[in-house]
Trainee: 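The structure follows.
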Amino acid sequence: MMFDIKWIRNNQKKFDAAMERRGIGPVAANLANLDDIRRNAKTKAQEIQTERNALSKEIGAIKLRGEDPSNILSKVEASKEAQVMAESELAEAEKDLENYMAKLPNAPLDDVPSGIGEADNVEIRRVGELPCFDFDVKDHVQIGEALGMMNFEIAAKLSGARFVLLTDQLAFLERALANFMIDHNVEKYDYTEVNPPALVNDETLFGTGQLPKFGDDLFRTEGGYWLIPTAEVPLTNMVSGSVINEDLLPRRYTAMTWCFRSEAGAAGKDTRGMIRQHQFTKVEMVSITLPNESPGELERMTKSAENILFQLGLPFRTVTLCAGDMGASAQKTYDIEVWLPGQNQYREISSCSDCGEYQARRMNARYCTKDGNIKGHVHTLNGSGLAVGRTLVAILENYQQSDGSVLIPTVLRPYMGGMETIKRR
RNA sequence: GGAGAGAUGGCAGAGUGGUUGAAUGCACUGGUCUUGAAAACCAGCAUACCUGCAAGGGUAUCGGGGGUUCGAAUCCCCCUCUCUCCGCCA
């Protein structure tokens, strides 16, 4: 069950209040009603089945004695019709309830600010000083193209709009960034590196909440696979359907993957440059925790992402998303926004979310005590650490020099064979 | 892609139409015995859901879905996955 229907039945006002914060009208009464129908149908179907089972057993016994069971057989015949009816009623009721619940978003935590959009998000900290330039600031497209290492025309020829082709030192930089991030997550924050499938099935996308509602944002193969929009999908679903011993929690996974997004609703947005692409590289973090540990884990995960920016010397700010701006699966989200001199604004580079038990319920991922007693659903969290393409953009723009070259952040140099600057050659 | 074999409780492994939710062994838990332990013996040991204040009662589940039957782990069909062989391939 995607939500705790018993809890909803008994706490209808609370549930509706939570949904209202996400801009969704009252649903609890509907849910309770659908559940009533479902339970009644179930009870009825079970009663009929009980009778049938008893009769069938009796027939077995009678036949064993070598007697004629035909009078009972006729009784069975009568109950058959009733059973078919009851069962189809039940199936319909269950489907109705599931379909209804599958489309509801997660309930925001109490400390999530109210609001309907970006403007209502709350900044909680700013780190790093904005760079000053004594020359005309260029954006990453100008810088990259001038270096001759960022090409949108060839990418458009090969694929179409919203693709980019990096060459030479920029291709190298992207690879170095990913390595740096993975190492950071593994060595400093105890994440386990994973190299997951990038094509997944329907069930997996349902588990993390992309399906059934947001299939339009994804690419799908003719064979019915989906290209992952983020490594959150495979990493989180690693524990689907399993019962994890509480001693083994928390579990932390990190992966570098390509991410594929159709950007269906983004026509006209960020059309210039690498900010919004159909394909981009991202290093992702996923944590699986005990229920009471997810809020602390969210802070930890966010710190991990922030620390990468800090080490790269990129200025950023962190905001708490308001209830209306969060993704459907999240119960609390921090966005980290990096400063982009070329746009003269902060832009999202990481999003860290505590999904509570929302995804765990969809995936049926639970935990148990040492002696195997199943206690409940785990909590799941995911966060970018970081979006590699956007990090590359941020480095180009923040570390640009007057001569068109780009300084490489110190921590990255070991990952680039000691190279200190990227310049045209 | 072709041919074959398989999927049963934590594990191993019986079971081909009628008290089979499922033998047996191992593991695990409790007990007896013992100074203690081992061994031996006895008992217990799945999950989900419905119903009930509770005790309890009930339903479903032997990879998944559908079918045959009064009755299916057992028969039929479809699918998934695993293994072996062949082909192809990074």
Side-chain angles (χ1 to χ4, degrees), chain A residues 1-10 31-102 195-207 211-212 220-227 234 237-248 257-258 357 360-378:
Chain A
M1 241 345 147
M2 284 152 279
F3 287 91
D4 186 346
I5 187 67
K6 280 184 199 160
W7 187 91
I8 293 174
R9 250 191 280 143
N10 298 324
L31 287 170
N33 185 39
L34 286 172
D35 189 47
D36 279 344
I37 296 170
R38 179 189 134 258
R39 277 152 57 224
N40 286 338
K42 182 149 198 160
T43 305
K44 202 161 78 186
Q46 284 188 358
E47 279 168 359
I48 295 170
Q49 189 60 257
T50 305
E51 253 182 68
R52 282 279 293 290
N53 287 346
L55 290 175
S56 291
K57 261 184 193 171
E58 215 174 312
I59 290 172
I62 289 172
K63 278 196 167 176
L64 209 64
R65 274 183 261 130
E67 295 167 17
D68 178 18
S70 55
N71 60 325
I72 293 187
L73 236 46
S74 61
K75 257 198 223 171
V76 170
E77 204 58 45
S79 86
K80 234 188 167 177
E81 204 175 310
Q83 188 190 21
V84 169
M85 285 273 289
E87 275 181 357
S88 74
E89 254 173 58
L90 173 60
E92 200 180 321
E94 282 182 335
K95 213 169 160 192
D96 287 348
L97 183 61
E98 297 237 317
N99 288 345
Y100 199 104
M101 286 196 296
N195 189 340
L199 294 172
V200 296
N201 57 29
D202 294 4
E203 213 184 355
T204 300
L205 281 159
F206 183 87
L211 293 181
R220 190 162 191 258
T221 71
E222 284 185 9
Y225 293 116
W226 303 83
L227 277 72
N237 278 282
M238 281 170 70
V239 300
S240 72
S242 64
V243 180
I244 304 168
N245 193 309
E246 61 185 354
D247 284 350
L248 301 175
T257 67
W258 276 321
E357 61 172 26
R361 280 185 165 275
R362 294 175 151 251
M363 297 189 296
N364 193 26
R366 295 169 296 171
Y367 70 99
C368 65
T369 57
K370 288 177 213 34
D371 32 313
N373 289 322
I374 294 173
K375 301 289 280 186
H377 293 90
V378 296

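Labels below follow one simple rule: chain letters A, B, ... track the order of the sequence lines, proteins then strands, and each chain is numbered from 1. Atoms considered below: every heavy atom in the structure, side chains included; atoms not considered: hydrogens, waters and symmetry mates. These figures come from a predicted structure and were not determined experimentally.
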Trainee: Just how far is it from atom CD of A:Glu98 to atom CG of A:Leu34, taken to the nearest 0.5 Å?
Mentor: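 Rounded to the nearest 0.5 Å, the CD-CG separation comes to 11.5 Å.
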Trainee: So A:Thr43 and A:Asn40, side-chain hydrogen bond (donor to acceptor under 3.5 Å, both in side chains) or not? Walk me through it.
Mentor: CA-CA 5 Å; A:Thr43 305; A:Asn40 286 338; 5.5 Å; no
Trainee: Residues in side chain to side chain donor-acceptor pair (under 3.5 Å) with A:Asp36, at least two apart?
Mentor: A:Arg39
Trainee: For A:Arg9 and B:rC50, what is the distance between atoms CZ and C1' respectively, to the nearest whole Å?
Mentor: 11 Å
Trainee: Run the salt bridge (charged side-chain N to carboxylate O under 4.0 Å, His left out) test against A:Arg52 and tell me which residues pass, sequence neighbours left out.
Mentor: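 Residues passing salt bridge (charged side-chain N to carboxylate O under 4.0 Å, His left out) with A:Arg52: none at all.
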Trainee: Could you pull out all donor-acceptor pairs under 3.5 Å where a side-chain atom in residues 238-248 of chain A meets a protein atom, sequence neighbours excluded?
Mentor:
| residue | atom | partner | partner atom | Å |
| --- | --- | --- | --- | --- |
| A:Ser240 | OG | A:Asn237 | O | 3.1 |
| A:Ser242 | OG | A:Val239 | O | 2.6 |
| A:Asn245 | OD1 | A:Asp247 | N | 3.0 |

Trainee: What's the gap between B:rC33 and B:rC49 when it is taken at their P atoms, as a whole Å value?
Mentor: 41 Å
Trainee: Can you list the residues that meet the side chain to side chain donor-acceptor pair (under 3.5 Å) rule with A:Asn53, with sequence neighbours excluded?
Mentor: none
Trainee: Assign A:Lys44 to base, sugar-phosphate, or nothing according to its heavy-atom contacts below 4.0 angstrom with the strands shown.
Mentor: nothing
Trainee: Going by side chain to side chain donor-acceptor pair (under 3.5 Å), name the residues that satisfy it together with A:Tyr225, two or more places apart in sequence or in a different chain.
Mentor: none
Trainee: In whole Å, I'd like the distance from the CG atom of A:Asp35 to the P atom of B:rC49.
Mentor: 12 Å
Trainee: For a quick check, with a 4.0 angstrom heavy-atom cut-off, what is the B/S/- contact string for nucleotides 52-82 of chain B, read 5' to 3'?
Mentor: ------BBS---------BS-----------
Trainee: If we take the C1' atom in both B:rC45 and B:rC11, what is their distance in whole Å?
Mentor: 14 Å
Trainee: What's the gap between B:rC28 and B:rA38 when it is taken at their P atoms, as a whole Å value?
Mentor: 11 Å
Trainee: Does A:Arg361 count as lying over the ring of A:Phe3, i.e. NZ or CZ under 6.0 Å from the six-ring centre, within 45 degrees of the axis?
Mentor: no
Trainee: Name the stems with RNA chain B in them: runs of three or more consecutive Watson-Crick or G-U pairs, distances under 3.5 Å?
Mentor: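 The stems that RNA chain B takes part in, listed by first number, are B:1-7 with B:80-86, B:10-12 with B:24-26, B:28-32 with B:40-44, B:46-51 with B:56-61, B:63-67 with B:75-79.
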Trainee: Sequence neighbours excluded, which residues qualify as side chain to side chain donor-acceptor pair (under 3.5 Å) partners of A:Gln46?
Mentor: none
Trainee: Could you tell me how far B:rG71 sits from B:rU82 if I compare only their P atoms? Round to whole Å.
Mentor: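 Result for the P pair: 35 Å, nearest Å.
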Trainee: Mind calculating the distance between CE (A:Met2) and P (B:rA48) to the nearest angstrom?
Mentor: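 Result: 18 Å.
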Trainee: What's the gap between B:rA22 and B:rG87 when it is taken at their P atoms, as a whole Å value?
Mentor: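 One P to the other, the span is 49 Å.
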Trainee: Expressed in whole Å, how much space separates the P atoms belonging to B:rG15 and B:rC75?
Mentor: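 Approximately 12 Å lies between the P atom of B:rG15 and that of B:rC75.
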Trainee: Rounded to whole angstrom, note down the C1' distance from B:rA23 over to B:rG9.
Mentor: 12 Å
Trainee: Which whole number of Å gives the distance between the C1' atom of B:rC26 and that of B:rU19?
Mentor: 28 Å
Trainee: Among residues at least two apart in sequence or on other chains, which ones pass side-chain contact (heavy atoms from CB on, under 4.5 Å) with A:Leu227?
Mentor: A:Leu199, A:Phe219, A:Thr221, A:Phe260
Trainee: Whole angstrom is fine here: how far is it from CG in A:Asp4 over to P in B:rA48?
Mentor: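 It is 14 Å, rounded to the nearest whole Å.
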Trainee: Between A:Arg38 and B:rC49, is there a side-chain N or O to OP1/OP2 distance below 4.0 Å?
Mentor: no
Trainee: Taking the nucleotide of RNA chain B with the nearest heavy atom to each, does A:Ile374 or A:Thr43 sit closer to the 5' end?
Mentor: A:Ile374
